[in-house]
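Quick notes on the structure that follows.
Sequence positions, counted from 1, serve as the residue numbers for this chain. Indexing begins at 1, ligand by ligand and atom by atom, following the structure's order.
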Amino acid sequence: MSGPISRRQLVSGLAIGAGGLLTGCDRLAKNEAFRNALFSAENMHRWTQRALTDRQALAREFSPEDMSPYFRSNGTRNPGTREYAALAQDKFAHYRLQITGLVGRPLSLSLAQIRQMPLRSQITRHDCVEGWSAIGKWTGVPLKLLLTAARMKDRARYLIFHCADFMGRTPYYESIDLIDAFHPQTIMAFALNDKRLDIAHGAPIRLRVERQLGYKHAKYVMGIEAVESLSGIGLGKGGYWEDRAGYEWYAGI
Ligand SMILES: Nc1nc2c(c(=O)[nH]1)N[C@H]1C(S)=C(S)[C@@H](COP(=O)(O)O)O[C@H]1N2
Ligand SMILES: [Mo]
């Protein structure tokens, strides 16, 4: 049901489809009276304002004293493929982040190039569905700068993050919509707690999408692809865990 939202709609503040942001209300909406009141013209306006503001709100940021002494690692701790081992061996000097799909100018960026872009650091709490949290400082380039540099097309609705690791034979991947892609705290992070990202935490670069749960934060990102639809990618549900275990595609916290 999630309604895709274009960048143009976002910018002009018209980003509200019939579905998407109202998903949580399906059950209540079956009650006719409730539904009529809820979807009356004036309430619709209030609702949509509210839903949009909620999605664009910032995740809490912490101070250095709050940082966890130990930041767990979860899922893949080393992709273990020959390709990845070769990249890791020379400290990712030959790594290139590919930005492809619905873009006017596909990019292939080295870590040195990425580090020269305007950067952002944020101390945030990572929450894993498996029941643990950790507070850490992440540094990286805002995703929106990469998308602007690649001249993402108006037709794009989602960003796919292609990862270097496999679960069994299936590659890990994730996806987000444009609200999260342009969110100021959404960064491609190459440092954790002021050190180069280590292999366990997703070296050389990983997504931080601070309003969502841990599994959305793709590690070992090799490519970012702008697409119109999630169908045809993996099993079409927008992520490895969404495809295989029925995890929510939008894992808001
Ligand atoms: N490529 C990839 N990204 C991934 C995973 C993974 O197994 N492979 N695990 C996810 C899960 S469930 C969590 S909680 C976080 C863990 O990040 P960390 O290892 O840096 O703590 O990464 C997420 N991103
Ligand atoms: Mo997780």
Within 4.0 Å of some non-hydrogen atom of Gly75, the atoms of ligand 1 are 7 (O)
Is the shortest distance from a Lys or Arg side-chain nitrogen in Arg120 or Glu61 to a carboxylate oxygen in the other one below 4.0 Å?
-> yes
Pair Arg208, His126: side-chain N/O donor-acceptor within cut-off below 3.5 Å = yes
Evaluating non-hydrogen atoms only, which member of Tyr172, Trp138, Phe166, Tyr220 is closest to atom 10 (C) of ligand 1?
-> Tyr172
Flag the pair Glu242 and Lys216 as a salt bridge only when some basic side-chain nitrogen lies within less than 4.0 angstrom of an acidic carboxylate oxygen.
-> yes
Mark up the atoms of ligand 1 that fall under 4.0 Å of a heavy atom belonging to Cys163, in ascending order.
-> 1 (N)
Heavy-atom distance to atom 16 (C) of ligand 1: which of His126, Glu130, Met167 wins?
-> His126
Side chain, backbone, both or neither: the part of Arg206 lying under 4.0 Å from ligand 1 by heavy atom | side chain
Short side-chain donor-acceptor distance under 3.5 Å, His183 and Asp180 = no
Using non-hydrogen atoms of the residue, decide whether Glu174 is closer than 4.0 angstrom to ligand 1.
-> no
Whether over 12 other heavy atoms sit under 6.0 Å from Arg115 CZ = yes
So is Ala200 close enough to ligand 1, meaning a heavy atom under 4.0 angstrom away?
-> yes
Distance, nearest 0.5 Å, that separates CG of Leu143 from CG of Leu159 = 5.5 Å
Within 45° cone and under 6.0 Å: Arg125 NZ/CZ vs Phe62 ring | no
Atom 13 (C) of ligand 1 sits nearest the protein heavy atom Gly214 O, 3.6 Å
Ranked by distance from atom 7 (O) of ligand 1, the top protein heavy atom is Thr76 N, 2.8 Å
Short list, please: which atoms of ligand 1 are under 4.0 Å from a heavy atom of Asp165?
-> 1 (N), 2 (C), 6 (C), 7 (O), 8 (N)
Assess Phe71 for proximity to ligand 1: is some non-hydrogen atom of it under 4.0 Å away?
-> yes
Are side-chain N/O atoms of Asn78 and Tyr84 paired as donor and acceptor at under 3.5 Å?
-> no
Give the atoms of ligand 1, by number and element, whose distance to some non-hydrogen atom of His201 is under 4.0 Å.
-> 18 (P), 20 (O), 21 (O)
Which word best sums up how the rings of Phe71 and Trp132 line up, parallel for under 30°, tilted for 30 to 60°, or perpendicular for over 60°?
-> perpendicular
Counting from 1 in the order shown, the ligand 1 atoms closer than 4.0 Å to a non-hydrogen atom of His217 are 22 (O), 23 (C), 24 (N)
For Gly101, does its backbone N or O pair with a side-chain atom of Lys153 as donor and acceptor, under 3.5 Å?
-> no
Short list, please: which atoms of ligand 1 are under 4.0 Å from a heavy atom of Trp132?
-> 14 (S), 21 (O)
Show which atoms of ligand 1 fall inside a sub-4.0 Å distance from at least one heavy-atom site of Arg72.
-> 18 (P), 21 (O)
Would you mind telling me which of Leu111, Ile224, Val141, Leu107 makes a side-chain contact (heavy atoms from CB on, under 4.5 Å) with Leu97?
-> Ile224
Heavy-atom proximity to atom 19 (O) of ligand 1, picking from Arg208, Lys219, Met222, His162, points to Lys219
Ligand 1 atoms nearer than 4.0 angstrom to some heavy atom of Cys128 are 14 (S)
